[in-house]
Amino acid sequence: MNLTINGEARTVAPLPHLAALVSELGLDPRKVAVERNLEIVPRSAYDRTPVAEGDRIEIVHFIGGG
Amino acid sequence: MDDASQRPAADDTWSVAGRTFTSRLIIGTGKYKDYATNAAAAEAAGAEIVTVAIRRVNLSDPSQPMLVDHVKPDRFTFLPNTAGCFTGEDAVRTLRLAREAGGWNLVKLEVLSDTKHLLPDMEETLRALKLLIADGFEVMVYCNDDPVYARKLEDAGAAAIMPLGAPIGSGRGIQNMLNLGLIIEQSKVPVLVDAGVGTASDAAVAMELGCDAVLMNTAIAEARDPILMASAMRHAVLAGRQAFLAGRMPKRMYADPSSPLSGLI
C-alpha cells in the first residue's frame with residue numbers, strides 16, 4: 001500500500017487502522033497529532049480510522065519554538 | 001537563592017482568557033542547545049507559560065529527544081505558536097493540530113510576511129484571528145507596534161495583544177516606546193512585548209511602560225549562560241513591574257538637590 005507520510009512516499013504492508021500505522025512508525029500516540037487527507041483524526045479515533053491506498057498522512061508533534 | 005523577595009507578589013497576578021498567572025515572563029523553547037538546558041532555563045526564569053512550535057515528526061529517527069519529555073506540559077502551560085505560517089489557513093491548520101496534540105485552545109498567532117525581517121503581516125494576521133476565534137480558539141496575537149491594528153485585533157476578540165519591541169531574534173530592545181505606551185493605554189486585554197528583547201534592561205523597560213508580561217526566546221537561548229540570563233530576566237521583569245506599580249518620579253530639566261541647601265556651614 002502506497003502512502004505519503006509527512007511529504008515522503010512510503011510503501012507499507014496493509015494496515016487495519018491508523019493506530020497500527022502510528023505504532024508501526026515507532027511513535028507514541030500520546031505525543032503526536034495526525035491529519036489524514038487534510039482532516040484531523042482525534043486520538044480516540046485512531047483505532048477505527050482506516051488507512052487506504054494513496055492516503056496523505058501528516059504526523060506532527062511539539063518542538064521548541066518562540 | 002530563591003527567597004521570597006525574588007518572587008512576584010502572590011496577589012499581583014494577571015489573567016488571559018480566564019487563566020491567571022503570577023509569573024510575567026513567558027519564554028520560548030527554540031534555539032537552545034538541548035531540551036535539558038531549555039527546561040533549566042524555564043525553571044530559572046520562573047516561567048509558567050512556554051511557547052512551542054508544531055512540526056512534522058522525524059520518521060527516520062522516532063527515538064530522537066522530544067520536547068514534552070523535558071519541558072513538561074503538566075508543569076508549564078504550553079502556548080502553541082504558528083511560527084512559519086504566512087497565511088491564515090496555514091495558521092488555522094497548524095493550531096488545530098496543536099489543539100489535537102495537547103488539547104489547548106489558548107494559542108499564539110503569528111503570521112509573518114518576509115523571512116528577512118519576520119515582521120508580521122497585519123492584514124493576514126487579522127484575517128487569521130477571525131478564523132481562529134470562529135473555531136473556538138483563545139488567541140494571543142503577535143503584532144506590529146501599531147496602535148491602530150492593535151485596536152482592530154482587540155475589537156476582533158484577541159485574548160491578548162503582543163506587539164514586538166523589535167524584530168524577532170534581533171535583540172534590539174524596545175524601538176518605539178511611544179507606540180507601545182499608546183497600545184498599553186488603550187487596551188483592555190493584556191499587552192505583552194513579544195520579540196526584540198536583548199538583555200535584562202529591555203525587559204525592565206517593557207514592564208516599566210506597563211506591559212502585563214514579556215515574551216522572549218533568543219535573549220535567553222543565545223546568552224553565553226542561558227540559565228543565568230533566565231534568572232536575570234526574571235529579576236528584570238519583577239523590577240520593571242515593581243517600578244511601574246511604585247510610580248516613577250517626574251523627569252526634570254534641571255537638577256534638584258537631595259541634600260537641603262539651607263543650614264550649610
Side-chain angles (χ1 to χ4, degrees), chain A, chain B residues 26-32 34-35 37-39 50-71 73 78-84 89 93-104 108 110 118 142 168-169 194-195 215-221:
Chain A
M1 180 166 61
N2 298 302
L3 305 174
T4 302
I5 308 176
N6 288 358
E8 290 174 27
R10 286 212 168 204
T11 304
V12 298
L15 293 159
H17 43 56
L18 201 55
L21 176 65
V22 171
S23 167
E24 170 91 15
L25 293 168
L27 300 168
D28 181 343
R30 292 167 304 171
K31 296 176 184 170
V32 299
V34 181
E35 230 185 41
R36 176 179 176 243
N37 299 326
L38 296 175
E39 275 193 33
I40 290 179
V41 183
R43 194 169 293 143
S44 57
Y46 288 177
D47 59 4
R48 57 174 190 274
T49 302
V51 181
E53 174 70 26
D55 274 358
R56 282 173 301 140
I57 310 281
E58 289 284 343
I59 307 175
V60 301
H61 67 153
F62 287 121
I63 66 154
Chain B
I26 299 176
I27 73 163
T29 56
K31 299 181 177 174
Y32 286 89
D34 52 49
Y35 285 140
T37 307
N38 193 336
V50 297
T51 59
V52 296
I54 196 138
R55 291 291 182 274
R56 287 170 165 171
V57 297
N58 183 342
L59 293 172
S60 56
D61 183 10
S63 66
Q64 277 194 344
M66 291 181 99
L67 173 74
V68 293
D69 294 331
H70 295 271
V71 183
F78 273 26
L79 184 64
N81 71 24
T82 59
E89 282 71 19
R93 185 182 177 201
T94 298
L95 290 178
R96 280 181 175 161
L97 281 164
R99 182 163 59 185
E100 183 52 34
W104 298 279
K108 169 181 164 177
E110 60 177 282
L118 297 179
Y142 173 64
I168 293 168
D194 177 0
L215 197 166
M216 66 181 73
N217 188 342
T218 313
I220 295 174

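We use all heavy atoms of the structure for the numbers below, so side chains are in, but hydrogens, waters and symmetry mates are not.
The distance from atom CG of B:L97 to atom CD1 of A:I59, rounded to the nearest 0.5 Å, is 11.0 Å. To the nearest 0.5 Å, atom CG of residue B:L59 and atom CD1 of residue A:I5 are 6.5 Å apart. Between the CG atom of A:L25 and the CG atom of B:N58 there is a distance of 11.5 Å, given to the nearest 0.5 Å. Note that the CG atom of A:N6 and the OG atom of B:S60 stand 10.5 Å from one another [nearest 0.5 Å]. Put simply, CZ on A:F62 and CZ on B:R55 are 12.0 Å apart, with the number rounded to the nearest 0.5 Å.
For a residue to count as touching a neighbouring chain, one of its non-hydrogen atoms must lie under 4.5 Å from one of that chain's; by this rule B:Y35 touches chain A with the side chain only. At a 4.5 Å heavy-atom cutoff, the contact between A:I40 and chain B is made by side-chain atoms alone. Neither the backbone nor the side chain of B:Y32 comes within contact range of chain A; no heavy atom of the residue lies under 4.5 Å from a heavy atom of that chain. No part of B:D194 comes within reach of chain A, as not one of its non-hydrogen atoms sits under 4.5 angstrom from that chain. Only the side chain of B:V68 comes within contact range of chain A, with heavy atoms under 4.5 Å apart. The contact between B:K108 and chain A is made entirely by side chain atoms (from C-beta outward), counting heavy-atom distances below 4.5 Å.
Side-chain N or O atoms of B:R56 include none that pairs as donor or acceptor with a backbone N or O of A:V60 at under 3.5 Å. B:E100 places a side-chain N or O within donor-acceptor distance of the main-chain N or O of A:R43, the cut-off being under 3.5 Å.
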When the side chains of residues 9-21 of chain A are checked against the rest of the protein, which donor-acceptor pairs come out under 3.5 Å, sequence neighbours left out?
from	atom 1	to	atom 2	distance (Å)
A:T11	OG1	A:N2	OD1	3.0
A:H17	ND1	A:A20	N	3.2

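Between B:I54 and A:I63 there is no side-chain heavy-atom pair separated by less than 4.5 Å.
The greatest number of non-hydrogen atom pairs below 4.5 Å with chain A, out of B:N81, B:L67, B:I27, is found for B:L67. If you tally non-hydrogen atom pairs under 4.5 Å between each of B:A53, B:A98, B:A101, B:A221 and chain A, the highest count goes to B:A53.
Within a 6.0 Å radius of CD in A:E39, no more than 12 heavy atoms belonging to other residues, nucleotides or ligands are found.
By the 4.0 Å N-to-carboxylate-O rule, A:E35 lies close enough to B:R93 to be salt-bridged with it.
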